[in-house]
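Contents: one structure, followed by commentary.
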Amino acid sequence: MRQLFKDYEVRQYVVQVIFSVTFAFSCTMFELIIFEILGVLSSSSRYFHWKLNLCVILLILVFMVPFYIGYFIVSTIRLLHRQRLLFSCGLWLTFMYFFWKLGDPFPILSPKHGILSIEQLISRVGVIGVTLMALLSGFGAVNCPYTYMSYFLRNVTDTDILVLERRLLQTMDMIISKKKRIAMARRNLFQKGDVNNKPSGFWGMIKSVTTSAPGSENLTLIQQEVDALEELSRQLFLETVDLYATKERIEYSKTFKGKYFNFLGYFFSIYCVWKIFMATINIVFDRVGKTDPVTRGIEITVNYLGIQFDVKFWSQHISFILVGIIIVTSIRGLLITLTKFFYAISSSKSSNVIVLLLAQIMGMYFVSSVLLIRMSMPLEYRTIITEVLGELQFNFYHRWFDVIFLVSALSSILFLYLAHKQAPEKHMTP
């Protein structure tokens, strides 16, 4: 909490409580998954805590967070300040309408359940969360090898940096020179008395802008040139910083740690290609796995090698390690992404709304993670989770994840290809 709010102090106590409670119950769901694998507590106790945890987090995500987001948005509008509670309720009802209509295009509804049942709420939260997960996973699967692999680094030399810095200094000199001309022209106009005797009214203002006195500078034209040069200087400065960062990455890639991350980049690139291929196969053939990947992989290996192996015993332990890795990396990756997002767009006035939005995204992300992690667990450990989540169309969420992941990954490949292709061309012009 303090790390997230260190630059923009969130003084509203209710915002801090909502964010903390959302994060705590999100992590509790992952703890309950570990308890399912290890057999901690009795089955009735785990079922009770699953039910309680889901009810609380759905209450926060569907009712509390949207209402307070609308409340703080309305509070920033002075005209609506006196009736902010009424308008906040209106915004929350609008959110509930679109949230409920979200279930119409998707096969997630069941006439057996009530309007406010866990199944009805979690099915809609799952659609949003799985979409978010697939978008982040698709971009991460492509961006990770692009970031780690030294193959994609541009060849930056000291000469390239010096040329760009020289252009930046020349541009700054031109800006200073033109600003001096503007200052000198204004001083001359003031000394001649033109400033005090200039025509008044709308047409006089237009005339003063479009015309200039004989022998004087056209201040409007020079100011436009200064604005254009200042924009150019900003672009040159950003490109210079980018070249320095690229040069540091090239030097870092020559170290042992850099070579290690370069190897990881090749590994993740293979994983990315495999994941895209499998997502395409799953979409084309409408395929959803029935067995968890660990058990399936061990069975294939045992059958291929023809050795005696306790598949059930080792699948339990390996599944525990795999699920633990997925949980840790999911929490860490999401928090890093949310922190960067908060620093990028937050301000002292919007920090409350931004933190509540992050809590909403985080909660939906973790609830959806439970829906998808369920498939990575052996069948005997899914019983309570399946019973608590109700009669959801789990196959739909896996297919939906594959579709969004494929779209996100291919779009990211296209975007990074265009960015990488155009990046060297920016520095070719002298």
Side-chain angles (χ1 to χ4, degrees), residues 1 3-5 8 10-30 53-76 84 87-103 106 108 116 118-137 139 330-347 349-372 389 397 400-401 404 408:
M1 286 286 290
Q3 175 69 20
L4 184 63
F5 306 142
Y8 302 104
V10 179
R11 302 184 183 276
Q12 293 293 334
Y13 182 72
V14 66
V15 176
Q16 299 185 21
V17 170
I18 289 176
F19 186 89
S20 301
V21 171
T22 304
F23 180 73
F25 276 88
S26 299
C27 293
T28 303
M29 286 193 296
F30 288 135
N53 199 87
L54 284 176
C55 288
V56 172
I57 200 166
L58 289 175
L59 176 67
I60 295 173
L61 296 179
V62 179
F63 297 97
M64 293 184 63
V65 174
F67 173 79
Y68 276 106
I69 289 176
Y71 179 81
F72 285 113
I73 290 176
V74 173
S75 298
T76 59
R84 53 186 174 182
F87 283 99
S88 301
C89 293
L91 288 178
W92 178 77
L93 291 174
T94 303
F95 163 79
M96 286 299 297
Y97 172 79
F98 287 104
F99 176 76
W100 209 257
K101 296 297 289 184
L102 180 66
F106 301 102
I108 58 178
L116 295 180
I118 290 181
E119 291 82 0
Q120 295 284 9
L121 296 179
I122 203 171
S123 60
R124 289 162 173 80
V125 171
V127 171
I128 302 175
V130 168
T131 303
L132 176 66
M133 286 185 63
L135 289 173
L136 294 176
S137 300
F139 176 76
S330 296
I331 295 175
R332 179 180 179 274
L334 182 66
L335 289 180
I336 291 175
T337 303
L338 294 184
T339 304
K340 291 180 180 179
F341 182 75
F342 179 80
Y343 289 157
I345 69 173
S346 185
S347 65
K349 294 182 178 180
S350 64
S351 57
N352 291 321
V353 177
I354 298 299
V355 170
L356 289 175
L357 285 173
L358 297 184
Q360 183 83 354
I361 294 173
M362 178 178 62
M364 291 185 172
Y365 181 94
F366 286 145
V367 169
S368 304
S369 298
V370 174
L371 295 176
L372 298 181
L389 295 177
Y397 292 103
W400 181 249
F401 179 88
I404 302 300
S408 176

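By convention here, the first residue in the shown sequence is residue 1. Bear in mind the structure is a predicted one, so any value in this text is a computation, not a measurement. When reading the values below, keep in mind they use all heavy atoms of this one structure, side chains included, and skip hydrogens, waters and symmetry mates.
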Residue pair F99, L121: steps toward the side chain to side chain contact (heavy atoms under 4.5 Å, CB included) verdict: CA-CA 9 Å; F99 176 76; L121 296 179; 4.2 Å; yes
Within-4.5 Å side-chain heavy-atom neighbours: V15 and F72: yes
Stepwise side chain to side chain contact (heavy atoms under 4.5 Å, CB included) check, V355 with Q16: CA-CA 8 Å; V355 170; Q16 299 185 21; over 6 Å; no
4.5 Å side-chain heavy-atom contact, S88 and Y68: no
Value rounded to 0.5 Å, distance of CG in L54 from CG in L59: 12.5 Å
Interatomic distance, F401 atom CZ to S368 atom OG [nearest 0.5 angstrom]: 10.5 Å
Counterpart residues, side-chain hydrogen bond (donor to acceptor under 3.5 Å, both in side chains), relative to W400 (two or more places apart): T131
Shortest non-hydrogen separation from R124 to W100 and the atoms involved: NE-O, 3.2 Å
Separation between CZ of F366 and CG of L371, rounded to the nearest 0.5 Å: 14.0 Å
Spacing of M64 atom CE and W92 atom CH2 [to the nearest 0.5 Å]: 12.5 Å
Distance in Å, C27 SG paired with M362 CE, rounded so as to fall on 0.5 Å steps: 7.5 Å
From CD1 (I18) to CD1 (I60), nearest 0.5 Å: 7.5 Å
Least distance between heavy atoms, Q360 atom then F95 atom: NE2-CZ, 4.1 Å
Ring pair (Phe, Tyr, Trp, His ring centres under 6.0 Å) partners for Y71, two or more places apart: none
Short side-chain to backbone donor-acceptor contact, S123 and Q120, under 3.5 Å: yes
Any donor-acceptor N/O pair, S408 side chain to F139 backbone, under 3.5 Å: yes
Closest heavy-atom pair and its distance - Y397, I122: OH-O, 4.3 Å
